[in-house]
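Residue numbering restarts at 1 for every chain, and letters A, B, ... go by the order of the sequence lines.
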Amino acid sequence: MSSETFGSPGTGTAIDHAAELEVDAAVAAAAAPDRDIAVEVGDNIVEVKNLTVKFGGLVALDDVSFTIKRGEILGLIGPNGAGKTTAFNAMTGVYKPTSGDVLLEGKSIKGRKQHAITRLGLARTFQNIRLFGEMTALENVVVGLDARHRTSVVGALLRLPRHIREEKTAIDRGMALLEFVGIASQAGVLARHLPYGYQRRLEIARALATDPKVLCLDEPAAGFNPAEKEELMALIRTIRADGYTVLLIEHDMKLVMGVTDRIVVLEFGRKLADDTPTVIRNDPRVIAAYLGEPEDDVA
Amino acid sequence: MSMSEGPKVLPGAETEKEAIDVEARPKRSGGFFQPLTDRWNGLPRQVQWLWLVVVVVIAYLLPILDIPIVTTQPGNDWALACFSMASYALIAVGLNVVVGFAGLLDLGYVAFFAVGSYTAALLTSPDSPFVHIPYLWTIPVAMAVTMFFGVVLGVPTLRLRGDYLAIVTLGFGEIVRILATIIPALKGQVGFQNIGRPPGTAADGEPIFANSNGTPWYWLTLTIIIIVLLLVGNLERSRVGRAWIAIREDEDAAEIMGVPTFKYKVWAFAIGASIGGLSGALFAGQVGFVNNQKFDVQTSILFLAAVVLGGAGNKVGALLGGVIVAYIPLRFTAIANYKYLIFGIALVLIMIFRSKGLLPARQRLLAYGRTAYRRVTSKQGHAAPPAATDAGKGAAS
């Protein structure tokens with residue numbers, strides 16, 4: 001139906017992916033500008049060091065350390081309540097860590113304001129969608145782009161040249177980003193009028209718009225059917241191919257196993273394992289804690 | 001249904017998805033202004049400007065035309081009524097920045113109006129011991145002073161949200177009123193007389209901006225309203241307006257998307273305050289007299305009612321609300337004493353039937369958005385919103 005947004009419709013999934021990657025390469029060039037990243041591909045871009053978060057007496061995260069390497073897709077999994085989202089929130093400045101630190105490109109993000117952390121290059125989406133409902137899809141993305149804009153209030157008031165220049169490039173880049181996630185045709189639709197799947201994609205586009213070095217996705221596939229999950233996996237791969245590093249929290253094991261390079265497993269606020277998907281799949285501790293006990297499915 | 005191993009998606013996610021998809025189904029907001037709004041949005045930019053010119057010309061002619069049924073004569077002078085409507089409209093436009101755009105409930109807005117009035121009074125009235133400057137200069141000074149007060153109020157209080165912020169602003173409004181009473185230099189109920197006016201004398205030796213002559217005051221205020229509307233429009237279609245709406249919609253998400261929310265909230269307060277101060281200075285000049293009697297909580301609520309009535313978030317709506325709130329008690333003098341009752345009932349009815357005000361048109365937040373949206377629509381041929389979540393090849397594979 002709306003295949004124009006995702007390359008020519010193919011007969012098989014593999015062909016689709018190839019076609020999609022090709023189409024997106026052109027779009028991606030417009031969507032992603034040159035980024036100045038201090039670390040080389042394969043080096044640690046984020047280091048989480050002995051991160052502990054306590055809420056009163058409850059230890060939500062207990063001395064968790066892991067790293068994210070530039071250019072990889074890192075999965076963060078664990079049963080409900082394991083501390084995945086807490087780790088996310090501590091990394092993005094929503095919660096203040098009780099102890100420990102998070103380094104982005106070697107710089108500590110501790111004590112920084114959330115908007116400053118975003119500008120440092122750590123963007124995220126939300127588990128429960130949190131778009132700006134009364135704004136159009138394009139406006140939502142441009143809010144993300146504004147994180148890199150330098151127009152002052154006076155500049156906007158008097159429509160100074162920088163404001164005009166930034167507004168014009170914002171439209172182009174915003175549209176390119178919407179095309180990148182496959183919802184360009186919805187640019188003028190209010191975010192709250194978009195269907196669920198498009199809202200999820202819009203969240204990713206808005207996070208990408210802040211021009212992050214690391215993109216953190218908090219359960220982006222929640223509520224998706226298997227076909228939609230396939231598309232999402234393709235999109236995440238394209239995002240990585242475009243030079244972003246991705247941290248992915250996900251419940252769906254098929255998705256996590258299919259798309260990640262490495263997986264960190266949390267349980268009860270502690271790190272249980274940290275390895276490639278194949279090893280994780282066969283790790284008896286992980287199976288016991290998470291994978292192998294279907295009766296524990298719905299926590 | 002799910003092919004996934006391991007735990008299924010959160011039970012909440014499915015219900016959330018359904019709720020969103022139901023919400024997403026296109027529906028018309030309805031209302032008697034809807035066809036008009038659609039027609040207006042469909043017009044080319046040039047035609048819109050032409051219509052605006054016509055409206056502006058009519059607005060300028062308003063005090064002279066004195067249309068029979070519309071007029072407030074004989075109960076109230078029509079030109080002065082026009083001025084009163086214009087000042088309320090200006091206040092509503094200013095308060096709309098704070099309440100409508102940034103979503104910060106300000107119940108003490110009259111305080112900024114008071115600060116503007118007193119600034120003009122202190123700097124021009126012969127009753128004041130301070131330096132005297134020409135009246136027109138008091139307008140920028142009043143704006144700067146109220147802006148300063150906006151920041152002074154905003155910096156400590158804008159860490160609060162919702163109800164708490166509303167209560168603090170309510171308190172601020174009262175503090176300013178009480179200070180006007182107890183500080184000897186502000187002369188309490190005695191007040192300041194003979195506040196300055198813009199220069200110029202008519203042929204008969206009377207000053208053009210006489211207290212009893214509403215028309216020139218109205219024209220001055222209308223001109224200022226147009227300038228303010230253009231500037232606020234510039235802000236709306238920029239990162240500033242987007243930041244405000246983002247804060248109103250979801251403050252936490254805005255912060256995480258890189259919006260320095262605190263900074264933009266203080267800006268909203270400061271800009272709203274300066275427009276309130278501007279209106280206060282004009283009011284002081286026209287009436288020629290300022291004391292502590294006009295700056296009570298009811299007036300604050302009346303300002304807020306104007307914004308909500310017209311349509312919070314829409315500057316034209318707020319303008320309309322301000323005009324209506326000023327006009328009704330002047331036109332129907334018999335019921336003027338019941339104005340709070342009437343506006344109360346009107347607000348309740350509006351909240352029930354048109355919860356977004358009389359003119360709920362949404363903000364345009366992109367300076368060059370029209371071209372982008374048009375490109376999308378023309379590429380699609382017909383813009384039919386998709387029925388379900390079958391994005392991309394979901395249907396194909």
Considering only residues two or more places apart or on different chains, which pairs with a residue in residues 151-169 of chain A satisfy salt bridge (charged side-chain N to carboxylate O under 4.0 Å, His left out)? A/Glu167-B/Arg242
Any side-chain heavy-atom pair from B/Leu365 and A/Val142 closer than 4.5 angstrom? no
Is B/Ala243 close to chain A through its backbone or its side chain, or both, or neither, when contacts mean heavy atoms under 4.5 Å? neither
Output the residues of residues 139-147 of chain B for which the shortest heavy-atom distance to chain A is under 4.5 Å, in residue-number order; output 'none' if no such residue exists. none
Side-chain heavy atoms of A/Lys113 within contact of B/Pro260, under 4.5 Å: no
Heavy atoms of other groups near B/Lys263 NZ, more than 12 under 6.0 Å: yes
Name the one of A/Leu138, A/Ile171, A/Val189 that satisfies side-chain contact (heavy atoms from CB on, under 4.5 Å) with B/Tyr373? A/Leu138
Under 3.5 Å donor-acceptor pairs involving side-chain atoms of residues 264-271 of chain B, not counting sequence neighbours:
| residue | atom | partner | partner atom | Å |
| --- | --- | --- | --- | --- |
| B/Tyr264 | OH | B/Arg239 | NE | 3.3 |
| B/Lys265 | NZ | B/Leu158 | O | 2.8 |
| B/Lys265 | NZ | B/Glu251 | OE2 | 2.7 |

Which one, A/Leu255, A/Val94, A/Thr92, A/Ile164, leads in non-hydrogen pairs under 4.5 Å with chain B? A/Ile164
Heavy-atom donor-acceptor pair, B/Glu249 side chain to A/Glu134 backbone, under 3.5 Å: yes
CD-CD1 distance between A/Glu139 and B/Ile245, expressed to the nearest 0.5 angstrom: 8.5 Å
To the closest 0.5 Å, what do you measure between CG (A/Leu158) and CG (B/Asn234)? 8.0 Å
Spacing of CG belonging to B/Leu230 relative to CG belonging to A/Leu157, to within rounding of 0.5 Å: 10.5 Å
Tell me whether the count of non-hydrogen atoms from other residues, nucleotides or ligands lying under 6.0 Å of CZ in B/Phe262 goes above 12. yes
Okay, A/Thr210 and chain B: the region with an atom under 4.5 Å from a heavy atom over there is side chain
A side-chain contact here means heavy atoms from C-beta on lying under 4.5 Å apart; do A/Arg130 and B/Asp252 qualify? yes
Interatomic distance, B/Ser238 atom OG to A/Asp146 atom CG [nearest 0.5 angstrom]: 8.0 Å
Under 4.5 Å from a heavy atom of chain B, the part of A/His149 involved: both
Proximity breakdown for B/Val259 and chain A, heavy-atom pairs closer than 4.5 Å: both
Contact listing (chain B partner; residues 116-125 of chain A; heavy atom under 4.5 Å): A/Thr118, A/Arg119, A/Arg124
Considering all heavy atoms of both residues, which atom of A/Ala187 and which atom of B/Val376 are nearest to each other, and what is their separation? CB-CG2, 3.9 Å
Tell me which of these, B/Val240, B/Leu235, B/Leu366, has more heavy-atom pairs under 4.5 Å with chain A than the rest. B/Leu366
